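Each remark here refers to the structure printed beneath this line.
Keep in mind the model is a prediction, meaning the values are calculated, not measured.
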Amino acid sequence: QVQLVESGGGLVQAGGSLRLSCAASGGTFSRYVMGWFRQAPGKEREFVATITQGSARTSYGDSVKGRFTTSRDNAKNTVYLQMTTLKPEDTAVYYCAARNGVRLVYRREEYDYWGQGTLVTVSS
C-alpha cells in the first residue's frame, strides 16, 4: 500500500510560481508512474501531468503545457510539480497519484493510489 502526501500549496498572485511536492511511502516508488491532477470547485478532476518511472517521459494537459513542469527524485521518493506564470483559473486542489506500470497514464480511473490534495489559490 502506497501513501502519498502532497505539500507546497498556498496563496499566490497571478503570474507567480509555486512548487508542489508529493512524498511517497509504503511502496517501491521507482516502480510507479506518477500523475498530477487538479479539481476546482464544481468541476471534474482534471489531468495536469504525468511522468514515467525513470523520468524519461512526461506529458501535460493542454491548459498547463509550457507553464508547469513535473519531475521526480526516486532517491527521495518524491515527485514535484513546478508551476509558473500562474493564472486565477489554476486555482484548485492539486492531487498526486501513483500507478504501478511503465507507460504514461492520463486517465484518473487508471491510478491506484491518491494523496489527500493540497490547495492552490491564485489571486488576480
Side-chain angles (χ1 to χ4, degrees):
Q1 189 77 7
V2 176
Q3 291 81 44
L4 303 172
V5 179
E6 301 95 337
S7 61
L11 175 64
V12 63
Q13 288 188 331
S17 300
L18 276 178
R19 188 176 81 155
L20 306 183
S21 300
C22 173
S25 62
T28 304
F29 181 71
S30 60
R31 292 182 180 175
Y32 291 92
V33 171
M34 301 300 295
W36 288 96
F37 290 76
R38 67 185 183 185
Q39 189 166 17
K43 295 189 176 181
E44 291 191 353
R45 195 166 295 190
E46 172 191 21
F47 168 74
V48 174
T50 179
I51 184 168
T52 52
Q53 299 163 323
S55 306
R57 289 184 295 156
T58 58
S59 185
Y60 300 91
D62 289 341
S63 60
V64 306
K65 202 170 295 184
R67 300 187 298 122
F68 290 11
T69 303
T70 189
S71 61
R72 65 192 293 166
D73 185 338
N74 287 345
K76 295 183 178 179
N77 291 349
T78 301
V79 62
Y80 304 98
L81 184 68
Q82 179 68 49
M83 306 184 294
T84 63
T85 320
L86 283 162
K87 306 174 182 180
E89 51 264 44
D90 294 318
T91 295
V93 176
Y94 284 72
Y95 300 89
C96 69
R99 174 185 167 90
N100 196 337
V102 298
R103 61 177 177 85
L104 296 173
V105 180
Y106 303 90
R107 298 175 66 242
R108 62 181 185 269
E109 295 83 1
E110 296 188 64
Y111 283 90
D112 300 313
Y113 306 102
W114 291 85
Q116 83 291 346
T118 186
L119 177 63
V120 172
T121 303
V122 184
S123 63
S124 57

> Can you check side-chain contact (heavy atoms from CB on, under 4.5 Å) on Thr52 and Val102, steps first, answer last?
Replying inline: CA-CA 6 Å; Thr52 52; Val102 298; over 6 Å; no

>> Considering only residues two or more places apart or on different chains, which pairs with a residue in residues 35-91 satisfy disulfide bond (SG atoms under 2.5 Å apart)?
In response: none

>> So, taking the atom named OG in Ser25 and the one named CD in Gln1, what distance separates them when rounded to the nearest 0.5 Å?
In response: 10.0 Å

>> Could you measure the distance from the CD atom of Gln13 to the OG atom of Ser123? Nearest 0.5 Å is fine.
In response: 5.0 Å

> How long is the gap from CD on Glu109 to CZ on Arg45, to the nearest 0.5 Å?
Replying inline: 10.5 Å

>> Nearest 0.5 angstrom please: Gln53 CD to Asn100 CG, how far?
In response: 7.0 Å

> Can you name the ring pair (Phe, Tyr, Trp, His ring centres under 6.0 Å) partners of Phe47, sequence neighbours left out?
Replying inline: Phe37, Tyr106

> Passes side-chain contact (heavy atoms from CB on, under 4.5 Å), Arg103 versus Glu110? Steps please.
Replying inline: CA-CA 11 Å; Arg103 61 177 177 85; Glu110 296 188 64; 2.5 Å; yes

> Can you name the nearest heavy-atom pair linking Ser30 to Asn74, along with the distance?
Replying inline: CB-ND2, 3.8 Å

> Do any pairs count as a salt bridge (Lys or Arg N to Asp or Glu O under 4.0 Å) and have a residue in residues 72-88, sequence neighbours left out, and if so which ones?
Replying inline: none

>> Going by the rule salt bridge (charged side-chain N to carboxylate O under 4.0 Å, His left out), which residues pair with Arg57 if we only count those two or more places apart in sequence or in a different chain?
In response: none

>> Donor-acceptor check, side chain of Glu6 to backbone of Gly117, threshold 3.5 angstrom: yes or no?
In response: yes

> Counting only heavy atoms not in Lys43, do more than 12 sit closer than 6.0 Å to its NZ atom?
Replying inline: no

>> Which residues pass the ring pair (Phe, Tyr, Trp, His ring centres under 6.0 Å) test with Tyr95, not counting sequence neighbours?
In response: none

>> Test question: given the 4.5 Å side-chain rule for I, L, V, M, F, W and Y, name all other residues clustered with Phe29, or answer none.
In response: Val2, Leu4, Val12, Leu18, Leu20, Tyr32, Met34, Trp36, Val48, Ile51, Tyr60, Val64, Phe68, Val79, Leu81, Met83, Leu86, Tyr94, Tyr113, Val120, Val122

> What distance separates Arg107 CZ from Thr50 OG1, expressed to the nearest 0.5 Å?
Replying inline: 13.5 Å

>> Between Ser21 and Tyr80 (side chain of the first, backbone of the second, donor and acceptor by atom type, cut-off under 3.5 Å), is there such a pair?
In response: no

> Cut-off 3.5 Å, side chains only: do Glu46 and Ser63 have a donor facing an acceptor?
Replying inline: yes

> Where is the tightest heavy-atom contact between Ala14 and Pro88, given as atom of each residue plus distance?
Replying inline: CB-CD, 4.1 Å

